[in-house]
Amino acid sequence: MERARLTRTLKMNRKQFRRRTGVYPETFAEMEAVLNEQEGRKKKSGRPAALNSF
């Protein structure tokens, strides 16, 4: 359901997108790129699992 809402929002024109999200589509794309970059840099921390998973 959330994916469908995001898809509809991304298809809106510039003015409707701004009204729905509070930012312009260009700004949204930049924010998304920064978040994706940060997620890619994340390192899993902590102790490795004691049991092997199959």
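These values consider heavy atoms only, across backbone and side chains, with no hydrogens, waters or symmetry-generated copies.
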| Lys42: salt bridge (charged side-chain N to carboxylate O under 4.0 Å, His left out) partners, not counting sequence neighbours | Glu39
| message | Quick test of your reading: applying salt bridge (Lys or Arg N to Asp or Glu O under 4.0 Å), list the pairs with at least one residue in residues 25-38, sequence neighbours left out, ordered by first then second residue. | response | Arg14-Glu26, Glu37-Arg41
| said: Could you work out, with ring pair (Phe, Tyr, Trp, His ring centres under 6.0 Å) as the rule, every residue matching Phe28, not counting sequence neighbours? | reply: Phe17
| task | Determine whether Glu2 and Leu6 make a side-chain contact, defined as any pair of heavy atoms from C-beta on separated by less than 4.5 Å. | result | no
| said: When you measure from the side chain of Thr27 to the backbone of Val23, do you find a donor-acceptor pair of N or O atoms at a distance under 3.5 Å? | reply: no
